[in-house]
Student: 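Take this structure first; my questions come after.
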Protein chains: 2
Amino acid sequence: MTQPGIDVTRSVGLALKRAVTSLRTAMDDVLRPLGLTVSQYACLEQLAQRPGLSAAALARLTFVTRQSAHTLLQGLEERGLLERSADPPSGRALPLQLTSTGAALLRSASTAVAAVETHMVSAIDANRVDQLLVDLDAFASALDQEAGPASGAQDELPQ
Amino acid sequence: MTQPGIDVTRSVGLALKRAVTSLRTAMDDVLRPLGLTVSQYACLEQLAQRPGLSAAALARLTFVTRQSAHTLLQGLEERGLLERSADPPSGRALPLQLTSTGAALLRSASTAVAAVETHMVSAIDANRVDQLLVDLDAFASALDQEAGPASGAQDELPQ
DNA sequence: TGCGTCATGTCAGCATTCTGACATACAGTG
DNA sequence: CACTGTATGTCAGAATGCTGACATGACGCA
C-alpha cells in the first residue's frame with residue numbers, strides 16, 4: 001500500500017482538481033441567472049477581446065474542439081448574441097463578432113465572474129498571486145512539452 | 001473594453017484551467033495504454049486507500065455524482081477490477097474492494113500517474129509546493145462556503 | 001494549369017456526466 | 001408498531017464534449 005507517491009492529502013493534481021471544480025461550480029451559479037454556461041461565457045469573453053476571430057481560432061483559445069465550439073456558437077448566434085460576417089474575407093473562416101446585445105450581456109457576466117474570481121483570490125495572500133500564476137503556467141508548459149504539441153486542443157495556438 | 005478585471009493574461013481562473021487541462025491530457029496519455037480513464041483511475045486509487053467504500057461514498061470522494069460513479073463502477077466490475085460484497089452489512093450500501101487484478105493494474109497506473117505529477121511539480125521550486133497546496137485549498141474552501149454546501153458533489157464529504 | 005496539403009466549417013455517432021425520479025433500507029419519533 | 005427522514009442503489013433522459021468523416025477554399029509546387 002506504500003506505492004510510489006500517491007499521498008492523496010498532498011497531491012497537487014487533486015488540489016488543482018478541487019480548486020477548479022469549486023471555481024466552475026461558483027461560476028455556473030453566477031452565470032445561470034444570465035442564461036450562460038461557463039463555456040459560453042468564455043467564448044463571449046474571448047470574442048470581445050479579439051473581434052473577428054474564426055470559430056476554429058476561438059476553439060483553440062477556449063481549449064475545446066472546433067466541433068464543440070461550432071454547436072456552442074450556433075446557440076449563441078440564434079440568441080442574437082453574436083453574428084458571423086457573411087463574406088469570408090479569405091479562406092473559409094467566417095469572422096465572428098459580438099452584437100450589441102451580446103456585448104451588454106457580457107458586461108454583466110464579466111462583472112459577476114470577476115467578483116467570483118476576486119473572492120477566490122482574496123482567500124490567499126495577495127503577494128503570492130503573481131507567483132501562483134507563474135507556477136501554474138510552469139505546470140502547463142511542462143506537461144504540454146512532454147506530451148508533444150496539441151495537448152490542450154487539437155492544434156497549437158496561433159501565436 | 002476596460003471591464004472590472006478580466007485581464008486574460010493574469011486570470012487565476014484561466015491559469016487553473018490551463019494547468020488542469022494539461023494535467024488531464026497528460027494523465028490520459030499515460031493511462032490509455034492501461035485501458036483506464038482518469039476517472040476510473042481515481043476510483044481505483046481511492047478504493048485501494050479505503051477498501052470497503054460504498055459507491056456513494058466513492059462518488060463524493062471523486063467529486064462526481066453517485067449516478068456517474070455507478071456507471072463507471074459497472075464497467076470496472078465487468079472487467080474484473082473490483083467486486084462488491086454481495087451481502088449489504090448494514091443499509092443498502094454495498095462495500096467495494098479491488099480484486100487482485102485491479103490492484104495489480106492500479107500499481108502500474110499509480111506509477112505512471114506519479115511520474116506525470118512529479119514531472120509537473122518539478123517545474124517549480126520545491127519550496128513552493130507546500131504553499132501552493134495550501135493556497136489551492138484556500139481557493140476551494142472560499143468558493144465552497146460562498147455557494148453554500150454541496151458544491152463539489154451533491155453532499156458533504158463524510159469527514 | 002493541375003495536384004497535394006492544410007485549415008476550416010459542418011454533419012453524424014459515441015462517450016461521459018449531469019438532473020430527475022423511484023424503490024429500498026435503516027434510524028428516529030410518536 | 002406506523003410514520004417521517006435520510007442515505008443508498010438504480011434506471012431513464014438530456015446536455016455537453018469528443019472522435020471520425022466529408023466538402024470546400026486557399027496555398028505551394030511541379
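In what follows, every chain begins at residue 1, and chains take the letters A, B, ... in the order their sequences are listed. Note that the structure is predicted; figures quoted are calculated from it, not measured.
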Student: Could you tell me which residues satisfy side-chain contact (heavy atoms from CB on, under 4.5 Å) with Ala109(A), sequence neighbours excluded, listed by chain and number?
Tutor: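 Counting only residues at least two positions away or on another chain, Ala109(A) forms a side-chain contact (heavy atoms from CB on, under 4.5 Å) with Leu31(A), Leu34(A), Leu36(A), Tyr41(A).
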
Student: In this structure, how many angstroms lie between the P atom of dA15(D) and the CG atom of Leu31(A), rounded?
Tutor: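 Going from CG in Leu31(A) over to P in dA15(D) covers 19 Å.
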
Student: Between Arg60(B) (CZ) and dT17(C) (P), how many Å, whole number?
Tutor: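 Spelled out: CZ on Arg60(B) to P on dT17(C) is 18 Å.
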
Student: For Arg128(A), check salt bridge (charged side-chain N to carboxylate O under 4.0 Å, His left out) against everything at least two apart and list the hits.
Tutor: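 Arg128(A): salt bridge (charged side-chain N to carboxylate O under 4.0 Å, His left out) contacts with Asp135(B).
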
Student: Which whole-number value in Å describes the distance from Gln67(B) CD to dG9(D) C1'?
Tutor: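 Between C1' of dG9(D) and CD of Gln67(B): 9 Å.
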
Student: Go through the structure and list residues passing side-chain contact (heavy atoms from CB on, under 4.5 Å) with Val116(B), not counting sequence neighbours.
Tutor: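 Val116(B): side-chain contact (heavy atoms from CB on, under 4.5 Å) contacts with Leu143(A), Leu23(B), Ala26(B), Met27(B), Val30(B).
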
Student: Name all residues meeting the side-chain contact (heavy atoms from CB on, under 4.5 Å) criterion together with Arg24(A); count only those two or more places apart in sequence or in a different chain, and write none if there are none.
Tutor: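 Expected list: Asp28(A), Val38(A), Ser39(A).
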
Student: How many Å lie between CG on Leu58(B) and P on dT17(C), as a whole number?
Tutor: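 Result: 12 Å.
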
Student: Could you list the residues that satisfy salt bridge (charged side-chain N to carboxylate O under 4.0 Å, His left out) with Asp125(B), not counting sequence neighbours?
Tutor: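 If we apply the salt bridge (charged side-chain N to carboxylate O under 4.0 Å, His left out) test to Asp125(B), skipping adjacent residues, there are no hits.
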
Student: If you check every side-chain atom of Thr65(A), which of dT8(D), dT8(C), dC18(D) has the closest atom?
Tutor: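 Closest nucleotide to the Thr65(A) side chain: dC18(D).
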
Student: Identify every side-chain donor-acceptor pair in residues 73-80 of chain B under 3.5 Å, counting partners at least two apart or on other chains, and give the distances.
Tutor:
from, atom 1, to, atom 2, distance (Å)
Glu77(B), OE1, Arg84(B), NH1, 3.3
Arg79(B), NH1, Gly35(B), O, 2.8
Arg79(B), NH2, Gly35(B), O, 3.2

Student: Can you sort out which residues in residues 68-77 of chain B have a heavy atom within less than 4.0 Å of DNA chain D? Ascending by number, please.
Tutor: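 Close to the strand are His70(B), Gln74(B).
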
Student: List in chain and number order the residues that pass side-chain contact (heavy atoms from CB on, under 4.5 Å) with Ala104(B), two or more places apart in sequence or in another chain; answer none if no residue qualifies.
Tutor: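 Listed in chain order: Arg107(B).
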
Student: For the pair made of CZ in Phe63(B) and C1' in dC18(C), what is the distance, rounded to whole Å?
Tutor: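 Taking atom C1' of dC18(C) as the reference, CZ of Phe63(B) is at 17 Å.
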
Student: Give a yes/no on whether any side-chain N or O of Arg84(A) is located under 4.0 angstrom from OP1 or OP2 of dT10(C).
Tutor: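 Arg84(A) to dT10(C) OP1/OP2: side-chain N or O found under 4.0 Å.
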
Student: Rounded to the nearest angstrom, tell me the gap between atom CG in Leu96(B) and atom P in dT8(D).
Tutor: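 Between P of dT8(D) and CG of Leu96(B): 12 Å.
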
Student: Tell me yes or no: between the side chains of Glu117(A) and Ser11(B), is some donor less than 3.5 Å from an acceptor?
Tutor: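 A donor-acceptor contact under 3.5 Å links the two side chains.
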
Student: Can you find a side chain N or O atom of Ser39(A) that sits less than 4.0 Å from OP1 or OP2 on dT16(D)?
Tutor: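 So the side chain of Ser39(A) is outside the cut-off, no N or O lying under 4.0 Å from OP1 or OP2 of dT16(D).
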
Student: Nucleotide by nucleotide, 5' to 3', does protein get under 4.0 Å of the base (B), only the sugar-phosphate (S), or neither (-) in nucleotides 23-28 of chain C, counting heavy atoms?
Tutor: BBSS--

Student: Consider only side-chain N and O atoms of Glu45(A) and Ser110(A), and report whether a donor and an acceptor are under 3.5 Å apart.
Tutor: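 Present: a donor and an acceptor within the cut-off.
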
Student: Take the protein atom CG of Asp28(B) and the nucleotide atom C1' of dC18(D), then report the distance between them rounded to whole Å.
Tutor: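 From Asp28(B) CG to dC18(D) C1': 11 Å.
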
